[in-house]
Structure formats: C-alpha cells, structure tokens
Asks: 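Before anything else, here's the structure in question.
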Amino acid sequence: MRRELYAGVMSGTSLDGVDAVLADFTPGVAACALLAATHIDFPSGLRQELLALQVAADDEIARAARAANALADLYVHALRSVCAAADIKAHDVVATGIHGQTVRHRPDQGWTLQINNPARVAEGAYMTVVADFRSRDVAAGGQGAPLVPAFHAALFGGDVHRVIVNIGGIANLTDIPPSGSVRGFDTGPGNVLLDLWHSKHIGDAFDRNGSWGRTGALDAALLSMLLAEPYFTLPPPKSTGRDLFNAGWLDAKLAGRVVAPPDVQATLVALTAATIADAVINECADAAEVLVCGGGARNMALMDELSRRLQPRTVESTALHGVPVDQVEALAFAWLARETLAGRPGNLPAVTGARGPRVLGAIYPR
C-alpha cells in the first residue's frame, strides 16, 4: 500500500511567517501522523508589504503579484525543508494544501482573496498543489471561513464535548459535541490587535508570553466600549479579519481617551479572552474541555484570562493532546488537500453558511 503523504502550508492573519508540515494519512494511521514541521519567518520587507496590501493603495495589482511570487518561493523553501527533515522525496508526497495569504475577506460582497502563486510552487517544489480553498464556499453563499472545523472534528472528536479554539490573528472556534452537528465561527480578534499595539509601543512583532500585557491594568470602561462592537453579537455563521479589526478600528476606539499603553495591552488581552469565552458560553454551553492552538496559546497572560473566564471548564493547549499549537492549521490544509483529491467536500455548511457541501480548491498538478 502506498503511503498517503500530504504536506500543508499556512501563513495566517498574524503575518508572522510560514508554517509547513508533512503528515501521513495512510489508512490505519490515526487521524494523521505528523512526520515533520518547520516555520520560516517572513522577511521584514515582505511582512510590511503584506500588511500594506490589507488596504487600498496605488499599484496594488503589480505589488500583489510580486508579493505572491515572494510568498510562493517561501512556500517552496518550507516544503523542501519538511521533506528533508522527514527524509522524504518530493515525488512521494501526494499533494500539498496551501492556504495563501489573506489580504481581503469580503464574503458579504461574494469574494475573498488569498494571494499565492500555486503554479510557481508546483514548479519549484515538484508537488501537486491544492490552493484557493475558500472561493468555492463563498460562491455557494458561505463565509469561506472557518474551514478547519471538519479537521478539528476528525482529529479531536470523541466522547467528551470539546471546543477547539484557534487563536491566530483572528480567533475561531469549533464546537465538537459527542453527537450532533459540528459548528464553528470566528469569534473576533485573536492576536491581531495585541500584536499591532505591542509593535507600535515596544517594537517587537508580538508580546512574548504576554509579559508586557501583565504589567498593565484592565481599563473596564475601555473594555466595555470595545465589546460594544456589533460583530460580537452577530449570530453564526460569521467570519471576520483585518478588514474590520485593524489599527484604524483600535485608534478610533481610543480617540479622546488617555490610557497608558500597558493598560491598553492588558485590556486587549481581556477583549480577546472575553469574546472567546462569551462565544463558548453562549454557543457551546455544555462543553467540558476547551483546547487552544495557534500563537495565542503561547501568550500565558491570555491563557490565564481565558481559563479564569471559562471556569469550571478545562482549558489547555492542543500540545497536551499530541498536536503542537503552531501546526494544527497547516495540518488542516494538508487534510483539506487530501479531501479535494478524493472528491470529498471540505466545508461544513453548518459552519460557513454555504448552500451545501462543496469540494474545495483548485488543483495544480506537479
């Protein structure tokens, strides 16, 4: 029997870099066996360009095309790295699923845009590439996000009612009851505002371990105003991104207020924790366990606040269940590539709001 080896590549809303994994989905293996993983930081120039492409500006088409080529070359580098780490030849990999980099997400207008050059990746990595996963769901009336819940259910489902929370730039959750439908949606900002504020005042890309956030004090009045954002009370299905939660959104909320920068950071920690906790309590009331992945799982101030708000539920990292927090999403897109090649739907209409199940993605043969 030929091994079913798939790669997955993810670069998310946090704009921190590229995560790539190589996994074995051969029947008889548990949901998947992780063989190798790598992370490659974005060069500062590319990160700034990807951030700039989030808003309208001059020469966007050419700039996006150049950024897509630079991304594709990083994806190729990451794929070669995971293959070398696992001592696997590229031609032994069935396919790689590549998310691309979201620069605009407007399902309300019928479109979403993840820049990528999958043809360039197929040429450079000598692998079949599956890309552009979100567009078909949006075309079917869905949000195009989140797409990871089906994989979360395959990986973490069981007899215990669990919620999987991914805290990337945007936070999303997957509700996995022991029986009944899997549900999921974006809860709101994850790390995106925390990273923006930390970078503005400290200079580093993110608040390592949440250390700076711990030096501040919660501003209850500011938190109350931030929580008044209408998105938080919208019923699912729903998705969001930097189109809403960005520096302009935060600056508008802070206008006319005098709040010390560490206090703003502490309040933003509370905002992320509160919106996730409220979503779990209101939409997944019977859940006993909350498993957290994504970069936010490394922010101990955030994890402590989330645990406090979700008592008596157990809140812990997916790493304690065998899957490192930075590799869950990349694994999900490896799994989605497998579903695409098998002709199986990758979306869950109950999650995205699409008119029905759809096979996702475009295939670029090696």
Side-chain angles (χ1 to χ4, degrees), residues 8 10 12 19 21 23 25 29-34 143 145-168 170-188 190-191 232 235-239 272-300 302-336 338-339 345-353:
M10 181 69 193
D19 291 304
V21 298
F25 291 94
V29 174
C32 67
L34 179 66
Q143 292 284 309
L147 293 182
V148 293
F151 176 68
H152 285 165
L155 194 62
F156 297 112
D159 295 333
V160 177
H161 188 168
R162 285 176 172 163
V163 174
I164 313 303
V165 176
N166 174 61
I167 309 178
I170 297 299
N172 59 70
L173 67 76
T174 302
D175 182 28
I176 313 174
S179 61
S181 298
V182 174
R183 301 171 63 243
F185 55 94
D186 288 349
T187 61
N191 302 313
F232 300 133
K238 60 180 181 177
S239 62
T272 293
T275 49
I276 293 170
D278 288 350
V280 172
I281 292 165
N282 294 329
E283 300 290 341
C284 326
D286 295 331
E289 295 182 0
V290 177
L291 307 186
V292 184
C293 59
R298 299 188 186 281
N299 184 325
M300 292 301 101
L302 177 55
M303 288 292 284
D304 288 349
E305 180 68 7
L306 191 57
S307 295
R308 184 184 70 80
R309 289 176 177 270
L310 282 172
Q311 291 178 348
R313 298 167 184 83
T314 299
V315 177
E316 55 192 16
S317 159
T318 58
L320 296 177
H321 293 259
V323 188
V325 297
D326 296 325
Q327 295 164 18
V328 177
E329 279 202 295
L331 278 170
F333 282 91
W335 184 85
L336 283 166
R338 177 173 174 256
E339 298 306 285
N347 66 334
L348 293 176
V351 170
T352 67

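The shown structure was predicted, so the numbers you read here are calculated from the model rather than taken from an experiment. All values below come from the heavy atoms of this structure, side chains included, with hydrogens, waters and symmetry mates left out.
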Asks: As a test of understanding, state which of N166, L348, N172 forms a side chain to side chain contact (heavy atoms under 4.5 Å, CB included) with P149.
Replies: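 Only match with P149 under side chain to side chain contact (heavy atoms under 4.5 Å, CB included): L348.
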Asks: Compare every heavy atom of V182 with every heavy atom of A153, then report the nearest pair and how far apart it is.
Replies: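 Looking at all heavy atoms of both residues, the closest pair is CB-CG2, 3.8 Å.
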Asks: Which pairs, with at least one residue in residues 170-186 and sequence neighbours excluded, count as a salt bridge (charged side-chain N to carboxylate O under 4.0 Å, His left out)?
Replies: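 For residues 170-186, and leaving out neighbouring residues, the salt bridge (charged side-chain N to carboxylate O under 4.0 Å, His left out) pairs sorted by first residue read R183-E283.
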Asks: I276 and side chain to side chain contact (heavy atoms under 4.5 Å, CB included): which partner among V292, V165, V290, V163?
Replies: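 Single pass found, and it is V165.
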Asks: If we only count heavy atoms from C-beta on, is the N347 to V351 side-chain gap below 4.5 Å?
Replies: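 A side-chain contact is absent here, since even the closest heavy-atom pair is not under 4.5 Å.
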Asks: Look only at the side chain of T272 and the backbone of G190, and say whether a donor-acceptor pair between them is shorter than 3.5 Å.
Replies: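 Judged by distance alone, yes, a pair lies under 3.5 Å.
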Asks: Once rounded to the nearest 0.5 Å, what's the spacing between atom CG of D326 and atom CE of M10?
Replies: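 The distance works out to 12.0 Å.
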Asks: From L34 CG over to L331 CG, what is the distance, rounded to the nearest 0.5 angstrom?
Replies: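 Answer for the CG-CG pair, L34 versus L331, is 5.5 Å.
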Asks: List in chain and number order the residues that pass ring-ring contact (aromatic ring centres under 6.0 Å, His included) with F156, two or more places apart in sequence or in another chain; answer none if no residue qualifies.
Replies: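 F156 satisfies ring-ring contact (aromatic ring centres under 6.0 Å, His included) with no residue once adjacent residues are dropped.
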Asks: How close do G353 and P237 get, counting heavy atoms only, and between which atoms?
Replies: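 Closest pair (atom of G353, atom of P237, distance): CA-CG, 3.7 Å.
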Asks: Mind checking the NE2-CD1 spacing from H321 to I164? Nearest 0.5 Å is all I need.
Replies: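 Rounded to the nearest 0.5 Å, the NE2-CD1 separation comes to 8.0 Å.
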Asks: How about N282: does its CG atom have over 12 heavy atoms from other parts shown lying under 6.0 Å from it?
Replies: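 Yes - once you tally the heavy atoms of other residues, nucleotides and ligands closer than 6.0 Å, there are more than 12.
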Asks: For S307, what residues pass the side-chain contact (heavy atoms from CB on, under 4.5 Å) criterion, not counting sequence neighbours?
Replies: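 Per chain and number, S307 pairs via side-chain contact (heavy atoms from CB on, under 4.5 Å) with V315.
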Asks: I need the minimum non-hydrogen distance between L173 and C284, along with the two atoms involved.
Replies: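 The pair with the smallest heavy-atom distance is CD1-SG, 4.0 Å.
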Asks: Is any side-chain heavy atom of F25 less than 4.5 Å from a side-chain heavy atom of C32?
Replies: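 Contact flag for F25/C32 side chains = yes.
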Asks: So, for V148 and A332, which heavy atoms are closest and what is the spacing to 0.1 Å?
Replies: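 Reported closest heavy-atom pair: CG1-CB, 3.6 Å.
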Asks: Does any part of the side chain of V160, heavy atoms only, come nearer than 4.5 Å to the side chain of I176, both counted from C-beta?
Replies: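 Side chain of I176 against side chain of V160, heavy atoms only: no contact under 4.5 Å found.
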Asks: List the residues meeting side-chain contact (heavy atoms from CB on, under 4.5 Å) with S181, not counting sequence neighbours, and say none if there are none.
Replies: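 Expected list: none.
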Asks: Scan for salt bridge (charged side-chain N to carboxylate O under 4.0 Å, His left out) pairs involving residues 311-325, sequence neighbours excluded, and state none if there are none.
Replies: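 The answer is none; no pair qualifies.
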Asks: Could I get the full list of side-chain hydrogen bond (donor to acceptor under 3.5 Å, both in side chains) partners for E305, not counting sequence neighbours?
Replies: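 Partners of E305 by the side-chain hydrogen bond (donor to acceptor under 3.5 Å, both in side chains) criterion, ordered by chain and then number, come out as R308, R309.
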Asks: Taking the side chain as every heavy atom from C-beta outward, state whether I167 and N191 have any pair of such atoms under 4.5 Å apart.
Replies: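 Yes - at least one pair of side-chain heavy atoms lies under 4.5 Å apart.
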Asks: Locate the shortest heavy-atom distance separating H152 from V328; write the atom from each residue and the value.
Replies: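 Distance-wise, the nearest heavy atoms are NE2-CG1, 3.7 Å.
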Asks: To the nearest 0.5 Å, what is the distance between CG (L320) and CG (L291)?
Replies: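 So the CG of L320 and the CG of L291 are separated by 8.5 Å.
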Asks: Locate the shortest heavy-atom distance separating V325 from S317; write the atom from each residue and the value.
Replies: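 Nearest pair, atom of V325 first, then S317: CG1-OG, 3.0 Å.
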